[in-house]
J.: 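Here it is, the structure, as structure tokens.
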Number of protein chains: 2
Amino acid sequence: MPDQNEFENLLTNRNLKRTKTRILVLEVLKDSSPKTVDEIFSTLYQNHMKLSLSTVYRTCETLTEKGILSKVNLTDDGVARYEYMKSEHTHHAICLGCNKIIPIDDCPYGQFDQIMKSKYGFDVKSHHIEIYGYCQDCIRKREEKE
Amino acid sequence: MPDQNEFENLLTNRNLKRTKTRILVLEVLKDSSPKTVDEIFSTLYQNHMKLSLSTVYRTCETLTEKGILSKVNLTDDGVARYEYMKSEHTHHAICLGCNKIIPIDDCPYGQFDQIMKSKYGFDVKSHHIEIYGYCQDCIRKREEKE
DNA sequence: TTAGATGCAAATGTTTTGCAGGGCT
DNA sequence: AGCCCTGCAAAACATTTGCATCTAA
């Protein structure tokens with residue numbers, strides 16, 4: 001299992017112990033859309049993994065501090081989501097019809113850092129962009145209704 | 001007080017009663033950066049206005065449903081913020097040093113809707129952009145330290 | 001061996017809700 | 001008058017924390 005080694009390196013490089021929970025959480029989030037702590041916990045729990053919800057909270061927090069995960073506020077439901085931090089820069093499109101989360105490869109932000117610096121004296125470190133609208137499936141369904 | 005009338009029209013146009021709490025909440029948020037429910041409540045409470053926290057929650061929710069306010073998740077602190085919905089399109093820069101929220105007039109998004117449509121078949125209705133970094137004040141303070 | 005991880009339960013903080021009373025139209 | 005709005009207190013959730021126990025290094 002190649003991911004196992006990748007995860008173990010990620011952890012040891014940052015002076016984190018290679019524990020069962022941390023590797024399980026990384027396995028769930030790798031190649032997944034952003035998940036809530038409860039979703040991560042439930043996924044593992046249903047797979048008969050024994051672990052505690054508060055440990056998942058602590059794990060996500062630690063992995064975020066170390067830059068392995070990223071905490072995102074995509075929705076207004078008051079629940080935080082975590083995603084595997086990819087080296088590539090990705091944004092999301094969220095469907096208002098079915099809440100599907102679609103990763104977007106392109107970035108609309110462009111060279112805006114320069115404007116932020118010259119106009120506002122602001123030194124940009126990162127940005128989040130979320131795009132809301134309707135996905136292909138929902139557009140099709142709406143058309144079928146008519 | 002011209003705002004009073006503006007607010008009353010906003011409410012009556014949407015079949016909402018013109019109540020004291022609603023007008024007070026709108027007064028606080030108009031021309032303000034996004035505030036948490038507790039900040040809105042405290043501001044009014046300190047001005048000797050008698051009202052209940054749960055009413056402020058309900059008011060913000062109602063005004064958001066009617067498109068008068070907008071609920072935003074700018075920070076990772078797990079607390080929702082509301083802002084007065086401006087007709088102009090505004091984004092925010094959030095300072096990682098002092099948490100100051102700076103409104104940004106320009107929009108880096110440009111004509112990205114077209115790419116979303118052609119590449120993802122996604123029909124964009126809105127977008128949120130948050131920019132994180134360091135404001136002028138924090139940059140200056142950091143330089144002084146050195 | 002020992003600092004760091006975990007499990008459990010209790011605490012915290014935010015947001016929601018039920019219900020009775022009050023205010024707007 | 002009638003329905004919507006509000007206050008209060010309690011409930012519901014998400015998240016954090018204290019402490020004893022365990023475990024990777």
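Given the structure is predicted, the values throughout are model-derived calculations rather than measurements.
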J.: Once salt bridge (Lys or Arg N to Asp or Glu O under 4.0 Å) is applied, what residue pairs with a partner in residues 41-53 of chain B remain, sequence neighbours excluded?
T.: none

J.: Could you identify which residues of residues 13-20 of chain A place a heavy atom less than 4.0 Å from some atom of DNA chain C, listed by residue number, or say none?
T.: A:Leu16, A:Lys17, A:Thr19

J.: Quick check, are the ring centers of B:His128 and A:Tyr132 under 6.0 angstrom apart?
T.: yes

J.: Going 5' to 3' along DNA chain C, between which two nucleotides do contacts with chain B fall, using a heavy-atom cut-off of 4.0 Å?
T.: C:dT14 to C:dT25

J.: Please work out which residues in residues 45-60 of chain A have a non-hydrogen atom less than 4.0 Å from an atom of DNA chain C and list them by number.
T.: A:Lys50, A:Leu51, A:Ser52, A:Ser54, A:Thr55, A:Arg58, A:Thr59

J.: Could you pull out all residues at least two apart from A:Ser33 that satisfy side chain to side chain donor-acceptor pair (under 3.5 Å)?
T.: none

J.: For the pair B:Glu6 and B:Lys30, find out whether any cationic side-chain nitrogen is under 4.0 Å from an anionic carboxylate oxygen.
T.: yes

J.: For A:Glu8 and D:dA24, give me the distance from atom CD to atom P, rounded to whole Å.
T.: 11 Å

J.: Five pairs at each end of the helix from C:dT1-D:dA25 to C:dT25-D:dA1: take the axis at both ends and give me the angle between them to 10°.
T.: 40°

J.: Can you find a pair of side-chain heavy atoms, one from A:His127 and one from A:Cys107, that are under 4.5 Å apart?
T.: yes

J.: Under the 3.5 angstrom rule, does the side chain of A:Thr43 hit a backbone N or O of A:Glu39 as a donor-acceptor pair?
T.: yes

J.: Not counting sequence neighbours, list each pair that qualifies as a salt bridge (Lys or Arg N to Asp or Glu O under 4.0 Å) and has a residue in residues 117-130 of chain B.
T.: A:Asp106-B:Lys119, B:Asp123-B:Lys125

J.: Over all heavy atoms of both residues, which pair between A:Val72 and A:Pro34 is shortest? Give the atoms and the distance, please.
T.: CG2-CB, 4.0 Å

J.: If you round to the nearest 0.5 Å, how far is OH of B:Tyr84 from CG of B:Leu63?
T.: 9.5 Å

J.: Over how many whole Å does the gap from B:Leu11 atom CG to D:dT6 atom P extend?
T.: 10 Å

J.: Report the distance from atom CG of B:Leu26 to atom P of D:dC5, rounded to the nearest whole Å.
T.: 14 Å

J.: Round to the nearest Å and state the distance from B:Asp77 atom CG to D:dT15 atom P.
T.: 12 Å

J.: Under the side-chain hydrogen bond (donor to acceptor under 3.5 Å, both in side chains) rule, what do A:Ser52 and A:Ser54 come out as? Steps first, then yes or no, please.
T.: CA-CA 5 Å; A:Ser52 141; A:Ser54 64; 3.1 Å; yes

J.: Check for a donor-acceptor pair, side chain of A:Asp77 on one end and backbone N or O of A:Val79 on the other, with a separation under 3.5 Å.
T.: yes

J.: For DNA chain C, find the residues of residues 32-44 of chain B with a heavy-atom distance under 4.0 Å and give them by number; none if there aren't any.
T.: none

J.: With sequence neighbours excluded, what pairs up with A:Arg14 under the salt bridge (Lys or Arg N to Asp or Glu O under 4.0 Å) test?
T.: none

J.: If a pair satisfies ring-ring contact (aromatic ring centres under 6.0 Å, His included) and one of its residues is in residues 23-43 of chain B, list it, with sequence neighbours excluded.
T.: B:Phe41-B:Tyr45

J.: With sequence neighbours left out, write down each residue that passes side chain to side chain donor-acceptor pair (under 3.5 Å) with B:Ser32, or none if nothing qualifies.
T.: B:Lys35

J.: With A:Arg58, which residues qualify under side chain to side chain donor-acceptor pair (under 3.5 Å), at least two apart?
T.: none

